[in-house]
Amino acid sequence: MTAVKMFGRKALPLTLAALVGLGWLVVDRPAVQAATGHADESLIDIRSRAGAFLAAQLATEEGDLDRSIAYLRRALSFDPTETKLRVNLMMTLLGRGKFDEALAEADRLKAVPEAERFARLTVAVDEMRGKNFKRVPSTLQNRAGQDDLQRLTNRVMAAWAKAGNGDAGGALADLRALDDQPWYAPFTTLHSALMADLYERPEADRLYRSLLDDEEASAGAPDLWVQGVAAYASWLIRDGRADFARSVLSSGEAVAPQFIEFAELRKKLKSGKRPERFVKSAREGAAIYLYDLGLVLNRPGSEPLTRVYLQLARALMPQNGTILVQIGLVEERLGFPRRAMEYYGDVPERSPLRRIADLQSGLALADAEDYKAAEKSLRDAIARDPMEERAYLALGDIFARNEQFAEAAQLYEEAVAALEEGGKKPDWNFYYRRGMAYERLKQWDKAEPDFRRALTLEPNRPEVLNYLGYSLVDRNEKLEEGLDLIRKAVEARPDAGFIVDSLGWAFYRLGRYDEAVRELERAIALMPEDPTVNDHLGDAYWKVGRKLEAEYQWNAALAAVKAMKKPDPMLMAEIMSKQARGLPDDEPARNADAALAVDPAEAAN
């Protein structure tokens with residue numbers, strides 16, 4: 001299941017710092033150097049608690065959790081009573097998935113107010129792991145105050161423990177009473193439905209149906225919603241209502257077409273086999289809640305905390321492919337592809353997520369810049385299943401990343417042919433990506449039909465509208481159509497700076513400089529540090545006579561280019577030329593790279 005931002009404007013009122021509170025992951029590199037005498041602590045004989053602690057923090061920032069754990073233990077050897085060190089050690093052990101070692105620290109910390117949040121949760125997870133359900137509610141009773149998230153977590157975990165102890169009715173009543181915050185609803189409804197399903201209670205159907213019909217949950221909490229849809233479809237199939245199950249699956253697929261559980265349930269319907277319950281024990285129910293919580297918190301900057309909750313879920317379900325893949329995805333986002341591959345490799349062969357894990361392993365190899373191994377891994381996946389769309393798209397992304405556009409175009413041709421031969425309609429994405437590859441190869445006669453075919457399949461897809469419209473304007477062809485396409489893309493994604501930039505640059509290309517300035521100023525507000533947008537706005541300012549502001553934007557563009565991991569020397573030279581001489585008054589509108597019409601985040605991948 002792909003992690004997404006959830007709840008929109010009803011965002012959880014939490015930050016990583018507020019949740020951890022004791023300086024976990026805060027690194028002061030100069031302090032490391034001052035305390036140890038060297039910037040690289042791996043070369044140092046640590047002789048002080050402060051030096052070991054700072055070295056541990058730096059190791060954590062660099063992703064070497066094993067080394068961080070070793071340094072924290074070294075720091076504790078100087079002062080075994082230091083609470084801050086033990087909290088950091090517990091959290092780092094949890095993040096690395098060393099649950100039993102973290103448990104030893106949690107037992108020591110559960111009575112310490114500033115540490116008990118995660119210490120008590122860790123102990124409760126161990127109790128549920130051992131089916132000591134009676135002890136869980138008292139274990140979760142914090143001495144310090146509870147915030148809204150902690151209250152939700154303690155009550156849901158305690159409810160699953162109560163159900164595991166034989167009181168499902170009481171557990172469901174506890175969840176019904178948990179209405180402190182409106183954003184609790186997707187959690188409580190989903191887990192009430194899963195609990196009622198597990199214990200074969202008739203209210204399961206009503207609870208599932210209420211989640212299915214909750215449009216706010218489907219839009220604001222899609223990960224929880226699709227779980228509920230899949231679980232409901234499983235309930236309906238087991239209840240003999242296959243036609244309604246198909247309808248429910250169609251509703252889910254409209255929101256999350258790639259959700260693996262939907263495909264698995266379709267197979268069950270086709271074969272007539274009875275599906276399993278989504279949750280098969282109280283322990284699994286608690287694990288799914290912790291997994292769900294990890295998804296909710298999975299926002300930029302909170303990945304280390306997300307990883308802790310996922311690892312707690314993994315302690316309860318060590319062989320669950322969905323949890324393992326999600327931990328791997330978090331590791332990739334943190335920039336540690338090799339560690340991600342450890343988790344992908346642990347996904348059991350029998351798991352429906354095994355194929356996804358193989359695909360992600362190929363992408364992780366590419367992230368580690370082992371491109372030959374990545375290509376082999378993904379080509380092996382295609383050979384095993386020529387109908388596996390994601391393998392083609394993943395390999396195509398690797399080719400595009402390395403500017404192997406001819407190889408990408410050929411691969412997408414093979415993909416379209418294989419899918420059509422297998423009786424499957426190729427997704428719009430294949431035509432869009434093949435069109436981009438042809439455009440980069442300057443084969444517009446092949447690129448344009450692919451973009452138009454993609455729009456036939458998905459008429460309102462903003463990235464296709466933007467790329468095709470930008471290309472038409474840039475080629476000085478079908479200008480009005482090109483502008484209309486970009487405008488539609490902006491209407492669909494008004495907050496996408498790269499698309500607003502396309503509109504501004506289209507006006508620039510047409511010599512409509514005042515309108516270009518208006519749109520490019522909007523784009524710069526959305527993407528203030530993007531070198532291309534700064535460069536474009538500088539050009540537009542120059543054309544309307546705002547030359548001092550133009551120079552300022554070019555300076556900003558040059559600084560942004562220099563800050564890039566791989567600065568573009570041609571762009572740097574062009575900007576410096578404009579800084580020195582400006583733009584000639586009679587300069588023809590210059591061609592721009594159509595690749596600039598792509599989301600920078602997508603281009604970076």
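This structure is a prediction, so every number in the text was calculated from the model and none was measured.
If you check the side chains of T139 and E127, you find a donor sitting under 3.5 Å from an acceptor. In summary, the side chains of R333 and N298 do present a donor paired with an acceptor at a separation below 3.5 Å, with no hydrogens or angles considered. For the residue pair W235/D205, the side-chain donor-acceptor check at 3.5 Å is satisfied.
Checked for salt-bridge contact, R401 and D367 meet the test: a charged N lies under 4.0 Å from a carboxylate O. A salt bridge links R129 to D100: one of the charged nitrogens lies within less than 4.0 Å of a carboxylate oxygen. The pair E114-K84 does not meet the salt-bridge criterion, since no charged nitrogen lies less than 4.0 angstrom from a carboxylate oxygen. Salt bridge E105/R73: absent, no basic N to carboxylate O contact under 4.0 Å. Between D358 and R390 there is no salt bridge, since no side-chain N of the basic residue sits under 4.0 Å from a carboxylate O of the acidic one.
The local environment of CZ in R151 is crowded, with over 12 non-hydrogen atoms from other residues, nucleotides or ligands closer than 6.0 Å. By the neighbour-count criterion of 12 heavy atoms within 6.0 Å, atom CD of E264 is densely surrounded, having more than that number from other residues, nucleotides or ligands. Within a 6.0 Å radius of CD in E203, more than 12 heavy atoms belonging to other residues, nucleotides or ligands are found. Within a 6.0 Å radius of NZ in K273, no more than 12 heavy atoms belonging to other residues, nucleotides or ligands are found.
A cation-pi geometry, defined here as NZ or CZ lying under 6.0 Å from the six-membered ring centre and within 45° of its normal, holds between R339 and F336.
Between F262 and F259, a ring centre-to-centre spacing shorter than 6.0 Å is recorded.
Considering only residues two or more places apart in sequence or on other chains, Y343 meets the ring pair (Phe, Tyr, Trp, His ring centres under 6.0 Å) condition with none of them. For F78, there are no ring pair (Phe, Tyr, Trp, His ring centres under 6.0 Å) partners, not counting sequence neighbours. For Q319, there are no side chain to side chain donor-acceptor pair (under 3.5 Å) partners at least two apart in sequence or on another chain. With sequence neighbours excluded, no residue forms a salt bridge (Lys or Arg N to Asp or Glu O under 4.0 Å) with K134. Partners of E253 according to the side chain to side chain donor-acceptor pair (under 3.5 Å) rule, which considers only residues two or more places apart in sequence or in another chain, are R266. Residues satisfying the side chain to side chain donor-acceptor pair (under 3.5 Å) test with N132, not counting sequence neighbours, are none. Take Q141 and apply the side chain to side chain donor-acceptor pair (under 3.5 Å) test, not counting sequence neighbours, and it matches no residue. For R283, there are no salt bridge (Lys or Arg N to Asp or Glu O under 4.0 Å) partners at least two apart in sequence or on another chain. Evaluation of the salt bridge (Lys or Arg N to Asp or Glu O under 4.0 Å) rule for R355 yields D385, E388 as partners, not counting sequence neighbours. Among residues two or more places apart in sequence or in another chain, the salt bridge (Lys or Arg N to Asp or Glu O under 4.0 Å) test is passed with D213 by R209.
Contacts classified as salt bridge (Lys or Arg N to Asp or Glu O under 4.0 Å) and involving residues 182-191 (residues at least two apart or in different chains) are not found. Annotation: salt bridge (Lys or Arg N to Asp or Glu O under 4.0 Å) contacts involving residues 157-171, sequence neighbours excluded, comprise K162-D174.
Of the candidates L109, T81, L72, L109 is the only one forming a side-chain contact (heavy atoms from CB on, under 4.5 Å) with R86.
The side-chain heavy atoms of L194 and W160, taken from C-beta on, include a pair separated by under 4.5 Å.
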query: Would I237 and R274 satisfy side-chain contact (heavy atoms from CB on, under 4.5 Å), going step by step from the backbone distance to the final call?
result: CA-CA 7 Å; I237 296 169; R274 182 181 176 87; over 6 Å; no

field: Full working for side-chain contact (heavy atoms from CB on, under 4.5 Å) between E200 and R277
entry: CA-CA 11 Å; E200 299 182 344; R277 287 185 173 87; 2.9 Å; yes

- request: Step by step, work out the side-chain contact (heavy atoms from CB on, under 4.5 Å) result for F99 and Q311.
  value: CA-CA 8 Å; F99 181 81; Q311 292 284 16; over 6 Å; no

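Summarising the geometry of D79 relative to R49, their closest heavy-atom pair is OD2-NH1, 3.2 Å, with the distance given to 0.1 Å.
The aromatic rings of Y232 and Y208 sit parallel to each other, their planes meeting at less than 30°, with 60° as the upper class boundary.
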